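It should be emphasised that the depicted structure is a prediction, and the values quoted were computed from it without experimental measurement. For this chain, numbers begin at 1 and follow the sequence in order. Every number for a ligand or one of its atoms is a count from 1 in the order of the listing.
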Amino acid sequence: MGADNKLAASTTANETGMWAETKDRIRQIGKTLKLDEGVVDVLLKPEREMTVRVTITGDDGKLHSYEGYRVQHSSVRGPYKGGIRYHPSVTIDETRALAALMSLKCATVNIPYGGAKGGLQCDPSKWSKRELQSATREYATLIAPIIGPMRDIPAPDVNTNSQIIAWMGDAVSTVSGNPSPATFTGKPIALWGSVGRDAATGNGVAVATQRYVEMQGKSLQGMTAAVQGFGKVGLYSALGLAERGAKIMVVSDVSGGLICKDGFDLQRLCDHARSQPGALLCDYHGSEAAHISNEELLAADVDILVPAAMEDQITGANAGQVRAKIVSEGANGPVSTEGDRILEQRGIAVIPDILANSGGVVVSYFEWVQNLQGMFWDGDEVNARLDTVMTRATKDIVTYAQANGVSLRSAAFAVSVNRIVEALLLRGTGH
Ligand code: GLU
């Protein structure tokens, strides 16, 4: 056993990237909480991993194939839960990291799930609608044996949406012969989806940020914000913060950033984004806005910075330039370990992804509850319940951080790991 552990230690020594960083953070918390090595090991190793090969006939008449994954990290607190992303940079290690973060995220907000993640290594922007549907159905059919309403409940993530989830649900029902609405969340409203799911992650970012600010004895009213990413998370984070009184001064998408010192009229930006499929902010020419680079966005002189695009945006190379006082992580893993260390040293508060962006999975949980009951809630009920869950979780994490003199990320890791370990020990795992 000792030798095995030494081997494991030496093979992890050279690892880099998000999975290595996530495991380091878990090990660190294990030490702080004085957990047994065996217990920490449970969190470091996913329970099940599936690699699939998705083959489709392209519009060119040729066969094309793509590698995909579903990683089920932990089922200690309930069925596996987590999104599926389509992106060229998807790897098994990234999927492992994101699956582990889902286990911690569900425990941070105290909803009865474990964690999982799926991914397909592809560039969906190059596909026609038919190719997208083909790949989606194939991927869903391949993971069908390991998912289900009490097993593993996938949802959308980067570059996937309710239409893609609808195709997945249809493919899985066709294989099983049963309609099973609670197998996926993030479905269209017409197919048992929940009102408020689209806006949920961004709304959750806004609530967590608001409650954190209030716990510092301040108010969002009049604070300024920069939002990186103008997809669903970025857009609804901006709208949610603006609704609570903040001024959105900087926004960006893959094409670059825009700054408006007086604060944007977000409706005009939304109209532009919806003017045609794939509309980019670099083509927005409102006279109030000036174009800036992504680096300038991250260094903007604002109170709140919301990185809501992809991982590893704030790193050792640029964390020194961040001028915001609060970083609220809309994306998963947007701040690297080194970036985090620098922000902490500089007194910048980071509301970690596993708290800040958990609104998506919280409303996924509401969707699943509604599906299992065969009942539907209205928008007010969904949003009020989301506010309750996010407010309670933010209070739990901020209180822990203050009581123990640690960062919000360390607090969220500690609170969530404690909850998972409590469940693990109660179950008598490893009896
Ligand atoms: N993809 C989202 C996340 O990373 C939502 C997951 C879900 O709803 O299961 O939290």
Practice task
Check ligand 1 against G82 and write out every atom of the ligand that is under 4.0 Å from a heavy-atom position of the residue.
Solution key: 9 (O)

Exercise for the section: Would you please classify the geometry between the F366 ring and the W377 ring as parallel, tilted or perpendicular, with 30° and 60° separating the classes? Expected result: tilted

Exercise for the section: Just jot down the ligand 1 atoms closer than 4.0 angstrom to any heavy atom of A155, in number order. Expected result: 7 (C), 8 (O), 9 (O)

Exercise for the section: Taking only Lys NZ, Arg NE, NH1 and NH2, and the carboxylate oxygens of Asp or Glu, determine whether D170 and K187 approach each other closer than 4.0 Å. Expected result: no

Handout entry: D303/K218 salt bridge by N-O under 4.0 Å criterion
Key = no

Problem - Among N159, T136, D157, side chain to side chain donor-acceptor pair (under 3.5 Å) partner for Y86 - result: T136

Handout entry: Closest approach of any protein heavy atom to atom 8 (O) of ligand 1, naming residue and atom
Key = S364 OG, 2.5 Å

Fill in the blank from the handout: Near K105 (heavy-atom distance under 4.0 Å), the atoms of ligand 1 are 3 (C), 4 (O), 10 (O)

Practice task
Give a yes or no on whether a salt bridge exists between R85 and E311, defined as a side-chain N under 4.0 angstrom from a carboxylate O.
Solution key: yes

Fill in the blank from the handout: atom 9 (O) of ligand 1: closest protein heavy atom, distance to 0.1 Å, is K81 NZ, 2.7 Å

Problem - Whether S358 lies under 4.0 Å from ligand 1, heavy atom - result: no

Handout entry: Part of R197 within contact of ligand 1 (heavy atoms, under 4.0 Å)
Key = side chain

Exercise for the section: Ignoring angles and geometry beyond distance, decide whether N357 reaches within less than 3.5 Å of ligand 1 through its nitrogen or oxygen atoms. Expected result: no

Exercise for the section: With heavy atoms under 4.0 Å as the rule, classify the contact between R85 and ligand 1 as side chain, backbone, both or neither. Expected result: neither

Practice task
May I ask you to identify, for T201, whether its side chain, its backbone, both or neither come under 4.0 Å of ligand 1 on a heavy-atom basis?
Solution key: neither

Problem - Within-cut-off N or O pair, P156 and ligand 1, under 3.5 Å - result: yes

Handout entry: Side-chain ion pair, D24 and R27, N-O less than 4.0 Å
Key = yes

Handout entry: Under-4.0 Å salt bridge between R48 and D152
Key = no

Fill in the blank from the handout: atom 1 (N) of ligand 1 sits nearest the protein heavy atom D157 OD1, 2.7 Å

Handout entry: Salt bridge R341-E344, side-chain N to carboxylate O under 4.0 Å
Key = no

Problem - No-hydrogen, no-angle side-chain donor-acceptor test under 3.5 Å, N418 and E422 - result: no

Fill in the blank from the handout: M102 heavy atoms within 4.0 Å reach ligand 1 at atoms 3 (C), 4 (O), 6 (C), 10 (O)

